[in-house]
Amino acid sequence: METFEAGNITLNRVDEYIWELPQTGEMRVPGRVFASEALLEEISQDKTLQQLQNSAELPGITKYAICMPDGHQGYGFPVGGVGAMDAENGCISPGAIGYDINCGVRLVKTNLRYDELRGREEELVNALFANIPSGLGGGGIVETDEATLEEILSRGVEWAVDNGWGIADDLARCEDEGSRPEADPGMVSDRAKGRGKNQVGSLGSGNHFLEVQRVTDVYDDTIASSYGLTEEQIVVLIHCGSRGLGHQVCTDYLRKIEERHTDLLNRLPDKELAAAPAGSELAAEYYQAMGAAINYAWTNRQLIMHRTRQVFEEVFERPWQELEMELLYDVAHNIGKKETHEVDGKDREFYVHRKGATRAFPAGRPEVPETYRNVGQPVIIPGSMGSGSYVLCGGERSMSLTFGSTAHGAGRLMSRTQAKREFWGGDVQDSLRDQQQIYVKAQSGATVAEEAPGVYKDVDEVVRVSNELGIGDRVARTFPVCNIKG
DNA sequence: ATGTGC
C-alpha cells in the first residue's frame, strides 16, 4: 500500500485522491484527507494532520474526521475540516465551526457583459468602495436599535426582505432560506450584541471582500444554463461573515463550555477542541446562539448585496431589475447544523460541523431549493484576488464520502505575518492593475499584502480534486475585474 | 476571522 509520511503521522492511500489516517489510541474513527499528492504535501507543512487526528477523538464523531483539499491548520480543528457528530450521543464543538460563524459567500448575477464595463472599472470600484462599509471596527449599512437587532438575530434574511433590503425570491436562493429557526437572541451576550449593533452590512477585514468578476469558462453547459451563467457575463461575489458578533459568540461559549465540561475537556488531546455533550444545556444554548450569529451573517450579506444593486443602478443608469441582478446562491463556509445522513443503511441525525467547507448537496436532496433540485445546489468557491473563483454543483459522491461537503477556497500558504514581509500592498495593487486589469481598492495596504495572490494555494488544483472526486462538480470559472476589501 | 489579548 502506498503511504505518505509526515513527521510521526503516516497516511495510507486508499484511492487516487483519498488518504486515510489510521485509527489509533483514543481516536474514535480514522481520519481522511481528500487531496492530490501535491496538495497533501502542502497540507502536511503545518499542524493540520495532527489536528485532524485530534478531532477524531471528539465524542460521537462518525465514519471519519475529514480534511478537504484546501485544508490548513485552524483553532483546534482544521480549516477545511468536516466532522459529523451524533446528535444524541455526540457533541458540538465551537472550534470545529470557527470563530467567524457563517462566514460565507454569495454570487449575484447581472446581464452585463465584460466589454460594457471595460474602461469604467475605476468608476465602479470607487462607487462600491464609497457605499459599502469595510475594514476593522464599526460602521455598517444600518445602525440597529435593540429591537431591530433582536429581529435580525431571530429571522435573518426574512427581516432584510421585510424591510426593503431585497425581494422574496432572494430567500429561496440562500442555504436554508437564509434563516435558522432555532436561533435565540436571548442566548447572545450583551457584549456580542454591543459589538454587532453597528456592523450590520459591513465587509470587515482580512480575507473578506466584494469582487466584480467576469465569467471566463463554462465547463458544463447544461448546469451553467440552469444556473443562468454564460461566458463574458459580469457577476458579483460577496465574501463576509458575522463580524464582531459571531466572534464574541464563539469566545463566550468556548469559555462556558471549558468551565462546565471540564471532564470531557480533560479527556481531549487539545483544549481548543472544547465541546458540549449532545443533550447538555450548553449544547442547546450554543446551538441557539450560533443560530443567531448565522442569521446575522446572512443579513449582513443580504444588505451588502442589495446595496450593490443600488450602486450598479447609479453607475449603469438602469434599475437593478433591468440589469437582472438575481442572486445565484448564498453558501455558508463555517457552520454547524443538524442534518440527517445515511450511515450503514440507516438514517441518523448529526451535528455536522463544517469549518472552511461548503455544503455540496446533489440533485434530489430536499434541502436544495426547488429551482436547482434537479441538478444539485450551486457551490461557490472563491480564489484569491489574482486568480479565478469557481461555481460548482453539489456532487453525487459527496453524500457517501464527505457528509455532503466540498472545499471552500484556495487555502492559505503562509501566515499573515510572513505575507507582510514578502509583499507590499501598493506594489500588489499596481501589478494586478497593470498586468491583469484587476482594480483593487482597500482600506489598508497591509490587508492587500496579507491577501496577495502569492499567499494562497492553487484554487484550480483544489477544484480539480473536488471535481475528480465527484463531491463538487466544476460548472464555471470567473476572473476578477474589481475588488474592494478591508 | 477579530475593537489582532488574558
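The chains referred to below are lettered A, B, ... by the order of the sequence lines, with proteins before strands, and numbering in each begins at 1. Values reported hereafter were calculated over all heavy atoms of this structure, with side chains retained and with hydrogens, waters and symmetry mates removed.
- To the nearest angstrom, P of B:dT2 lies 11 Å from CG of A:N334.
- Closest heavy-atom contact between A:G83 and A:I61: CA-CD1, 4.3 Å.
- Nearer to the 5' terminus of DNA chain B, by closest-nucleotide assignment, is the contact made by A:E451 (compared with the other of A:R255 and A:E451).
- Between A:K197 atom NZ and B:dG3 atom C1' there is a gap of 12 Å when expressed in whole angstrom units.
- In this structure, A:Y329 has its ring center at least 6.0 angstrom away from the ring center of A:Y227.
- Using a 4.0 Å heavy-atom distance criterion, A:R195 is classed as a base contact.
- The nearest whole Å value for the distance from the CG atom in A:D100 to the C1' atom in B:dT4 is 14 Å.
- Going from atom CG of A:D252 over to atom P of B:dT2 covers 16 Å, rounded to whole Å.
- With rounding to whole Å, A:Y75 atom OH is found 17 Å from B:dT2 atom P.
- Relative to the ring axis of A:F312, A:R309 does not place its NZ or CZ within 45° and under 6.0 Å from the centre.
- Between A:Q199 and the phosphate of B:dT2, there is no side-chain N or O to OP1/OP2 separation shorter than 4.0 Å.
- No contact: A:E258 has no heavy atom under 4.0 Å from any strand.
- Rounded to an integer number of Å, the gap from A:Y99 OH to B:dG3 C1' is 15 Å.
- Nucleic acid contact for A:G244: sugar-phosphate only, since backbone atoms but no base atoms lie under 4.0 Å from a heavy atom of the residue.
- Closest heavy-atom contact between A:A419 and A:V455: CB-CG1, 3.5 Å.
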Going through the checks in order, is the salt bridge (charged side-chain N to carboxylate O under 4.0 Å, His left out) test met by A:E451 and A:R416? CA-CA 8 Å; A:E451 298 300 319; A:R416 297 182 177 280; 3.0 Å; yes
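- Within the 4.0 Å cut-off from OP1 or OP2 of B:dT2, at least one side-chain nitrogen or oxygen of A:R243 is found.
- At the heavy-atom level, A:T251 lies nowhere under 4.0 Å from the strands shown.
- Between the P atom of B:dG3 and the CG atom of A:N198 lies a distance of 10 Å, rounded to the nearest Å.
- Distance A:E259 CD to B:dC6 C1': 14 Å, rounded to the nearest Å.
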